[in-house]
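Below is one structure; the comments refer to it alone.
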Amino acid sequence: MGTVLWNIWFYGLWWIDILANGFFLYHLCRPFVTFRSGRLWKAVFLLTLAISSGMVIWIGDPNLLYTLPIYFLLFFLCTRGDWVGRLTVCVVFFCLEISVCALVDTYVQAVDTDRLYDLLVRLLRTAIFGAFWLLLRRRFPAEQVHLTRRLWQVVLGLASMPLCALIAVVLLTFQKYESAAVNTLALNQGLLVLPFVLVTSLVLLVAILILADHERLERASQLAGLREVYYQGLQQQERQVRQLRHDMRNHLTVVQGLLERGDTQGAVGYLEQMAGSQALQGVRRFCENESANVVLSAKAEAMEQAGITADFAVSLPKDLPVADTDLAALLGNALDNAIEGVQNAAVKKITLRCRVDKGLLMLRLENPVGGEVNPDLSTTKADKFSHGFGIPGMREIAERYHGTLDADVKDGCFILFICLMI
């Protein structure tokens with residue numbers, strides 16, 4: 001009877017322990033990934049982390065080989081978004097989990113061979129994962145971590161090093177038990193490599209958070225700059241209104257004089273000239289979305305000053321599930337490229353169509369091309385370091401919203417089409 005109660009207590013505590021591991025790892029991972037819709041996927045993800053954290057991993061144990069493909073498969077099934085970012089986070093967390101398991105299982109076993117060994121190592125795993133969560137939770141941002149694909153690729157390259165080291169130290173000594181010398185060498189290697197893998201994984205998580213902070217600050221700075229341009233335009237219009245109000249008496253005097261002389265045509269012409277004043281046009285509105293108006297107003301004014309005809313038809317609602325900085329970057333970069341492209345064209349006209357329909361945000365821009373266009377649409381400027389990031393940046397935004405970007409030159413016209421799933 002005592003043995004039965006002991007087993008019930010032991011295995012009950014074992015399940016509580018691995019679920020606690022899953023809880024800590026789930027909350028560690030949540031800021032870095034976007035889950036699929038539905039609670040089922042979140043539950044599967046938590047169980048994946050919990051069960052993998054309970055996997056017995058020793059130096060020279062092939063369990064790592066069986067765990068890795070299942071872990072990666074379930075990780076990708078439960079999450080969505082840019083596959084490079086998901087793969088990066090998956091590699092980092094796999095290294096974090098397995099290095100802890102391998103360290104605890106291999107080196108605690110050397111000092112405790114009793115049945116309580118299993119309970120001890122599992123409680124120790126929970127304590128370690130819980131400590132990691134408490135250590136990093138205050139650094140977690142309020143919103144989802146976001147990096148550009150280029151930054152994810154850099155972090156993925158760095159994360160591949162601890163993954164290769166982990167696989168090498170665990171799997172390449174598979175037959176170590178047959179030789180005491182190989183066994184000693186493998187344990188010494190693991191004692192050096194596994195802490196390296198663990199610390200590197202934690203450093204990479206912190207690095208991702210720091211890079212994400214810089215990304216947020218950069219986007220906020222870009223948006224602040226766009227709003228500053230917009231408000232400067234409003235101030236300019238306000239000055240024009242004050243100036244018009246100040247000159248209104250003189251204008252009325254001129255009209256009155258023309259009418260008194262019977263010059264009706266001259267009076268009408270003068271009034272039409274006044275009506276065409278920018279001060280009487282009011283604030284230019286292209287659509288209901290404020291961020292889009294910020295960009296479109298600034299670019300339209302720049303096009304007027306450059307003698308470029310703007311044919312804008314934009315229908316965007318006030319609220320969009322697209323970040324203001326992303327929307328501003330799409331419109332701003334597209335129009336900047338178009339303004340640059342028509343400088344030497346015979347017909348200086350830019351046509352922009354943008355609307356939301358059936359869960360899609362569609363943007364189409366067309367402009368004549370007056371100069372050389374590279375086949376890969378890269379910049380033709382000599383300073384390629386400072387220029388040429390418009391198309392790649394817009395493509396990265398489109399991919400992040402599970403959309404597409406197509407750009408081509410046909411019959412002397414550059415055509416850009418962007419579609420986002422919102």
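What's counted below: heavy atoms across the whole structure, side chains too, no hydrogens, waters or symmetry copies.
In the displayed structure, R137 atom CZ is contacted under 6.0 Å by at most 12 heavy atoms of other residues, nucleotides or ligands. When the shell of 6.0 Å around NZ of K42 is examined, it contains 12 or fewer heavy atoms from other residues, nucleotides or ligands. In D411, the CG atom is not crowded: 12 or fewer heavy atoms of neighbouring residues, nucleotides or ligands sit closer than 6.0 Å.
Applying the ring-ring contact (aromatic ring centres under 6.0 Å, His included) test to pairs two or more places apart or on separate chains, none has a residue in residues 322-366. Sorted by first and then second residue, the ring-ring contact (aromatic ring centres under 6.0 Å, His included) pairs involving residues 287-332 (not counting sequence neighbours) are F286-F312. Sequence neighbours left out, the pairs with a member in residues 92-101 that pass side-chain hydrogen bond (donor to acceptor under 3.5 Å, both in side chains) are S52-E97, Y71-E97.
None of L365, N367, L416 except one satisfies the side-chain contact (heavy atoms from CB on, under 4.5 Å) rule with L352; the exception is L365.
Between I18 and A50, the closest heavy-atom pair is O-CB, 3.2 Å. The two residues R125 and C101 have their closest heavy-atom pair at NH1-SG, 3.6 Å. Minimum heavy-atom separation, D326 to Y401: OD2-OH, 2.7 Å. In terms of heavy-atom proximity, D336 sits nearest to K299 at OD1-NZ, 2.8 Å. Here the closest heavy-atom approach between residue C419 and residue F417 is recorded as CB-CE2, 4.0 Å. For the residue pair P162 and C95, the shortest heavy atom distance occurs at C-SG, 4.0 Å.
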Inset, instruction - Take V104 and I128 through the test side chain to side chain contact (heavy atoms under 4.5 Å, CB included) and record every step on the way to the result. - result: CA-CA 10 Å; V104 172; I128 294 173; 3.9 Å; yes
Legend entry - From CA spacing to verdict: side chain to side chain contact (heavy atoms under 4.5 Å, CB included), L316, L361: CA-CA 9 Å; L316 296 177; L361 188 153; 4.2 Å; yes
Legend entry - Residue pair R139, I210: steps toward the side chain to side chain contact (heavy atoms under 4.5 Å, CB included) verdict: CA-CA 9 Å; R139 291 197 56 88; I210 293 174; 3.5 Å; yes
Inset, instruction - Tell me, with the steps shown, if L194 and I59 meet side chain to side chain contact (heavy atoms under 4.5 Å, CB included). - result: CA-CA 10 Å; L194 292 177; I59 298 295; 3.6 Å; yes
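R353 pairs by the salt bridge (Lys or Arg N to Asp or Glu O under 4.0 Å) definition with D311, not counting sequence neighbours. Take L73 and apply the side-chain contact (heavy atoms from CB on, under 4.5 Å) test, not counting sequence neighbours, and it matches L77. F72 meets the ring-ring contact (aromatic ring centres under 6.0 Å, His included) test with F94; sequence neighbours excluded. Partners of D319 according to the salt bridge (Lys or Arg N to Asp or Glu O under 4.0 Å) rule, which considers only residues two or more places apart in sequence or in another chain, do not exist here. Residues satisfying the salt bridge (Lys or Arg N to Asp or Glu O under 4.0 Å) criterion with R86, sequence neighbours excluded, are absent altogether. A search for side-chain contact (heavy atoms from CB on, under 4.5 Å) contacts involving P195 returns L103, not counting sequence neighbours. With sequence neighbours excluded, the residues satisfying side-chain contact (heavy atoms from CB on, under 4.5 Å) with F23 are H27, W133. For the side-chain contact (heavy atoms from CB on, under 4.5 Å) test, residues two or more places apart in sequence or in another chain that qualify with V155 are T88, L204, I208, L211. The ring-ring contact (aromatic ring centres under 6.0 Å, His included) test applied to F35 returns Y26, F45, not counting sequence neighbours.
Contact check for N337 versus F414: no side-chain heavy atoms found under the 4.5 Å cut-off. Residues L187 and Y107 form a side-chain contact, since some pair of their non-hydrogen atoms from C-beta on lies under 4.5 Å apart. Two residues are said to be in side-chain contact when any heavy atoms from C-beta on lie closer than 4.5 Å; V92 and F32 fail this criterion. Side-chain contact between Q144 and T34 is present, with at least one heavy-atom pair separated by less than 4.5 Å. Using a 4.5 Å heavy-atom cutoff, the side chains of V342 and K349 are not in contact. Residues V322 and L330 are not in side-chain contact: their nearest non-hydrogen atoms beyond the backbone lie 4.5 Å or more apart. Here the side chains of I418 and T404 are not in contact, with every heavy-atom distance at 4.5 Å or above. No side-chain heavy atom of L331 sits less than 4.5 Å from a side-chain heavy atom of V314.
Proximity of a side-chain donor or acceptor of D82 to a complementary backbone N or O of R400 within less than 3.5 Å is not detected. N293 contributes a side-chain N or O that, together with a main-chain N or O of C287, makes up a donor-acceptor pair within less than 3.5 Å. Judged by distance alone, with hydrogens and angles left aside, the side-chain atoms of Q153 form no donor-acceptor pair with the main-chain N or O of T148 at under 3.5 Å.
The distance from atom CG of L420 to atom CG of L360, rounded to the nearest 0.5 Å, is 8.5 Å. If you take CD1 on I98 and CG on L68, they are separated by 8.0 Å, rounding to the nearest 0.5 Å. Here the CZ atom belonging to R364 is positioned 13.0 Å from the SG atom belonging to C354, to the nearest 0.5 angstrom. In this structure, S201 OG and L163 CG are separated by 9.0 Å, a value rounded to the nearest 0.5 Å. The CG atom of L49 lies 9.5 Å from the CG atom of L28; values are rounded to the nearest 0.5 Å. In this structure, CE in M303 is found 10.0 Å from CG in L296, a value given to the nearest 0.5 Å.
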